[in-house]
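To start, the structure under review is shown below, and the notes come after it.
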Amino acid sequence: MPLVSMRQLLDEAAKGGYGVGAFNVNDMEQIQAIMEAARETKSPVIVQASRGARQYSQDNFLYHLMLAATELYPEIPTVLHLDHGNSVETCKTAIDMGFTSVMMDGSLNPDGKTPSTFEYNVDATRQVVEMAHAKGITVEGEIGCLGGIEDGHGAGLDGLSHLTDPDQAVEFVKLTGLDALAIAIGTSHGAYKFSSKPTGETLKMARLIEIHNKLPNVHLVMHGSSSVPKALQDIINQYGGKLKPTWGVPVEEIQLGIKNGVRKINVDTDNRLAITGAIRKVFWETPEKFDPRDYLTPAREAFTTVGAAPMTQFGQAGHAGDYAPIPLEEMARRY
Ligand code: 13P
């Protein structure tokens, strides 16, 4: 099956009342791991690449690896999504490359660092919607600013500095016509999200529910959703790492989000931790080894295991065979 639009996956997820994990990748092993996890759990899947990932893989490598994924895993509905596009131009290059979904993150200026104005965000997102929908490509936008920095993108604020205003979210959706809306409810990118288990004061699920009640038919997106399990932190530290104690987003909060309109859940950090832990273990236990396959193979396996868990927890498991892909031309006609 060819790469499919994210809109189709999210519409199906809404019908089925489940969420779909969106996993960041940079290289072949990560793509292989996530596709293997999708096959094991029979899950539709969103594979996403940030600007940093596109640069790292020179774009073409990543795109052609994703084509290989569709050839080798024809039964898995797979989306290739641009994570945090910083400008209309960046989204255009992704669409031209063959991505089937793009995020225009106009919550920050094109420098990817300073919070933008509402007017700028609407204008940039609207332009991307017009360009993308003409080709059947899905658009995710963001209102409010997430905390943290990822691949150099982010204001570096804490998660509570720019929460999404529910009324502004309604206005934003109306003015842009986007397909999926990322909201800021206290999460941030990276490992250091919360200094203790989050409460309603630090992770604002009530705000999410308020937004969902005002926008019941809009697909919501939770960024910064790694759960940063202690077990993964422990493996890294056991084999010479130096992570400070930290807390992520508990899975039950994500499941509450899924009951309240969350259809796309972004996960990157957990997979990075799994890969690093596995590699550290090999280096620590067998320092004489130097064949990359000796440590990349367990790293890939660790990512597969850690990637399969959310697919089951978010409910996407078992849904890969539910539907046939809608061609992008047909998606374009439907807008
Ligand atoms: P994590 O850092 O929590 O994995 O979030 C990733 C993300 O939101 C990518 O956009």
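Whatever order the structure lists them in is the order used to number ligands and atoms, beginning at 1.
Heavy-atom proximity to atom 8 (O) of ligand 1, evaluated over S225, G224, S227, is greatest for G224.
Looking at R126 and E130, a side-chain N of the basic residue comes within less than 4.0 Å of a carboxylate O on the acidic one, giving a salt bridge. Classification of E12 and K15 as a salt-bridged pair holds, one side-chain N sitting under 4.0 Å from a carboxylate O.
Neither the backbone nor the side chain of A191 comes within contact range of ligand 1; no heavy atom lies under 4.0 Å. The part of N24 lying near ligand 1 is the side chain, judged by heavy-atom distances below 4.0 Å. Residue-level proximity to ligand 1 for D83 is carried by the side chain, the only part with a heavy atom below 4.0 angstrom.
For residues 55-67, the pairs satisfying side chain to side chain donor-acceptor pair (under 3.5 Å) are R54-D59, with sequence neighbours left out.
Within a 6.0 Å radius of CD in E201, other residues, nucleotides and ligands contribute 12 heavy atoms or fewer.
Close approach of ligand 1 to H84 (heavy-atom distance below 4.0 Å) involves ligand atoms 10 (O). Close approach to G190 involves these atoms of ligand 1, each under 4.0 Å from a residue heavy atom: 2 (O). Counting the atoms of ligand 1 from 1 in the order shown, those under 4.0 Å from a heavy atom of H189 are 2 (O), 5 (O), 6 (C), 7 (C), 8 (O), 9 (C), 10 (O). In summary, the atoms of ligand 1 found under 4.0 Å from a heavy atom of K193, numbered by their order in the structure, are 1 (P), 2 (O), 3 (O). The V267 neighbourhood of ligand 1 comprises atoms 4 (O), with distances under 4.0 Å to a heavy atom of that residue. If you number the atoms of ligand 1 from 1 as listed, the ones under 4.0 Å from a heavy atom of D268 come out as 1 (P), 4 (O), 6 (C).
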Show every donor-acceptor pair shorter than 3.5 Å between a side-chain atom in residues 307-316 and any protein atom, with sequence neighbours excluded, or say none if there are none.
from, atom 1, to, atom 2, distance (Å)
T312, OG1, A308, O, 3.4
Q316, OE1, G21, N, 2.9
Q316, NE2, P44, O, 2.9

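Note that CD of Q168 and CD of E171 are 8.5 Å apart. Values are rounded to the nearest 0.5 Å.
Under the side chain to side chain contact (heavy atoms under 4.5 Å, CB included) test applied with Q127, the options D123, T125, V129 reduce to a single match, D123.
In terms of polar-atom proximity, defined here as any N/O pair under 3.5 Å, H223 does make such a contact with ligand 1.
Taking the centre and axis of the six-membered ring of F283, the NZ or CZ atom of K289 falls outside the cone set by 45° and 6.0 Å.
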